[in-house]
Amino acid sequence: MRNWSLEQLLPNYIKRFEPYTPSKPDEELIKFYGCSHLYRLNNNENPLGPPPASQEAIRSFSPARAAVYPSGDAYHFRHKLSDKFGKQPEQFLVGNGANEVISFVIKAFCEQGDNIITADKTFAVYEWVAEFSGIEVRIVPLKDYAFDDQGMLDQIDVRTKILFLCNPNNPTGTYWNHEKLRHFLDEIDGRRIVVVDEAYFEFVEAEDYPDGMSLIDEYPNLVVFRTFSKMYGLAGLRIGYLAGGLQLVDAIRHTCIVYSVNGVAQEAALAAVADDDHLLRTRRMVRDGKAFLKKQLSKLNLPFISGEGNFLMVKLPMSDTLVYRKLMKQGVMVRTMTGFRFPNHIRVTISKMEAMEAFIDALVKSVQ
Ligand SMILES: *Cc1c(COP(=O)(O)O)cnc(C)c1O
């Protein structure tokens, strides 16, 4: 292999890009840290699992169907969404998790020299997909822990294609209200694509929180993301989607990978859509768990950042990776936040009371 030259084949933006290292499987972690059980409070999963109707759909999926390609464009699922939201089925694009639809949008609109705008401390995948696609990322610092609308508008130039807003924001829980989102969309005035990532939509309790879906008829440049990984407990099956005006979605469809969403995920998500009981039960659990954590953290004099969503952040008097390791030894897995540009912070998923108590007990022993 005399002529093998990896260096010359790789674009510089790929060489610069640090690949993400996922955490090890639970059983490996349990062995490594010597704990007997693991509370997963790191990924904002729903400990109640999928709604009962989804569980039934998963159980009744015939193994023989594994040999057959799924619907390439999640036909029945999109029709279900269309009924639920009063839109046309063609206004939805379904992906292998909302993660995949991020790249559909970036690939549809951005070429070399273009840029996207987002915040410095938010869900990092917008930034990562742009970076490893060779697209410039303009990151605007959060202001009072929230997306800074004016700061983002100020960063726009002729090559700006997309602005990404995470609403409510992961990991700070802050959100733009109706008025602020509308004002922002009016300022952009259709000249750029605005993505509103509503991964935590179903958890939001605030009355003035805007439903992006209800704005897409009015703003043809608006894309809304939703996922079945958080509220609907289907993270392991990987299904999420985007919604927007017909013209916009037709444009994005060009970069859509067909068959990337498997048949089990499509059936399970379809069955989940109508289950409002599951939603209420999960919300109650999150409300109770959050109230408990806030009270306990206050008693411990540990500052926290908490808003909408099934998570909160804790500010530690020491390194987050050190506390992570100490918590792991006690069977509690949280998310270190240094990678989100919040050094010395951890993010904790709100879960059942038993897990919340285990977390607080372990935390007390870890920070002293
Ligand atoms: C979890 C999450 C997603 C993506 O979830 P998928 O599992 O890929 O559907 C997208 N955005 C935010 C803000 C998230 O927290």
Side-chain angles (χ1 to χ4, degrees), residues 20 22-23 40-47 49-50 54 74 77 81 92-106 116 118-130 139 142 145-147 162-176 181 194-204 209 212-213 223-243 256-257 260-262 264-266 268-270 272-273 282 286 305-313 334-337 339-342 346-351:
Y20 179 75
S23 65
R40 297 177 52 87
L41 307 180
N42 61 325
N43 270 345
N44 301 341
E45 294 154 351
N46 188 343
S54 295
F77 176 57
L81 294 175
F92 301 94
L93 285 179
V94 185
N96 192 263
N99 269 315
E100 194 184 41
V101 301
I102 297 173
S103 86
F104 294 167
V105 182
I106 291 180
I116 66 150
T118 187
D120 60 341
K121 294 161 177 168
T122 185
F123 191 60
V125 181
Y126 326 125
E127 187 180 331
W128 294 342
V129 173
I139 49 176
L142 293 184
Y145 294 115
F147 271 67
I162 314 170
L163 298 103
F164 283 93
L165 165 67
C166 187
N167 208 42
N169 188 32
N170 171 9
T172 57
T174 51
Y175 68 97
W176 283 3
L181 179 58
V194 176
V195 172
V196 181
D197 182 348
E198 296 182 344
Y200 299 94
F201 175 86
E202 299 86 358
F203 292 97
V204 178
Y209 172 72
M213 205 70 83
V223 180
V224 173
F225 289 173
R226 299 272 175 95
T227 179
F228 279 71
S229 298
K230 307 290 159 62
M231 174 59 85
Y232 292 108
L234 292 172
L237 294 186
R238 314 301 304 126
I239 181 164
Y241 63 94
L242 65 76
C256 196
I257 311 268
S260 73
V261 184
N262 70 78
V264 187
Q266 292 185 33
L270 191 146
V273 169
T282 305
V286 170
I305 302 160
S306 168
E308 300 296 338
N310 61 339
F311 50 83
L312 62 69
M313 263 200 304
V334 297
R335 177 56 66 102
T336 57
M337 284 283 111
F340 275 67
R341 304 189 175 98
F342 272 112
I346 50 171
R347 191 193 62 202
V348 187
T349 301
I350 313 293
S351 184

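Predicted, not measured: the structure shown is a model, and the values here were computed from it. Heavy-atom basis, side chains included; hydrogens, waters and symmetry copies ignored. Order of listing sets the numbers, starting from 1, for every ligand and every atom in it.
Each of the following atoms of ligand 1 lies closer than 4.0 Å to a heavy atom of Cys166: 13 (C). Those atoms of ligand 1 that come under 4.0 Å of a heavy atom in Arg238, given as number and element, are 6 (P), 7 (O), 8 (O). Contact atoms of ligand 1 toward Gly97: 6 (P), 8 (O), 9 (O) (distance under 4.0 Å to a heavy atom of the residue). Atoms of ligand 1 found under 4.0 Å from any heavy atom of Ala98 (numbered from 1 in listed order, with element): 4 (C), 6 (P), 8 (O), 9 (O).
Within the structure, the closest approach of Asn170 to ligand 1 falls below 4.0 Å when heavy atoms are considered. Residue contacts with ligand 1 leave out Glu100, since none of its heavy atoms falls under 4.0 Å from the ligand. Every heavy atom of Ala235 sits 4.0 Å or more from the atoms of ligand 1. Under a 4.0 Å heavy-atom criterion, Gly240 is not in contact with ligand 1.
Counted by atom type alone, Thr349 and Ser351 present zero donor-acceptor pairs between their side chains at under 3.5 Å. Using modelled atom types and a 3.5 Å distance limit, the side chains of Ser260 and Glu100 yield a donor-acceptor pair. For the residue pair Asn170/Arg347, the side-chain donor-acceptor check at 3.5 Å is satisfied.
In terms of protein heavy-atom proximity, atom 2 (C) of ligand 1 is nearest to Lys230 NZ, 2.5 Å. The single protein non-hydrogen atom nearest to atom 5 (O) of ligand 1 is Thr227 OG1, 3.8 Å, given as residue, atom name and distance. Taking atom 3 (C) of ligand 1 as the reference point, the nearest protein heavy-atom neighbour is Phe123 CZ, 3.5 Å. Distance from atom 7 (O) of ligand 1 to its nearest protein heavy atom, with residue and atom name: Ser229 OG, 2.6 Å.
Considering only heavy atoms from C-beta on, Val261 stays 4.5 Å or farther from Tyr241 through its side chain. Between Phe92 and Arg226 the shortest side-chain heavy-atom distance does not fall below 4.5 Å.
By the 30° and 60° cut-offs, the orientation of the rings of Tyr200 relative to Phe203 is tilted. Note: Tyr209 and Tyr175 have perpendicular aromatic rings, judged against thresholds of 30 and 60 degrees for the angle between ring planes.
Proximity of Asp197 to ligand 1, defined as any heavy-atom pair under 4.0 Å, is confined to the side chain (atoms from C-beta onward). Contacts with ligand 1 closer than 4.0 Å are made by side-chain heavy atoms of Tyr200 only, the backbone lying farther away.
Using a 4.0 Å cut-off between a side-chain N of Lys or Arg and a carboxylate O of Asp or Glu, Glu202 and Lys230 do not qualify as a salt bridge.
Taking the centre and axis of the six-membered ring of Phe342, the NZ or CZ atom of Lys121 falls inside the cone set by 45° and 6.0 Å.
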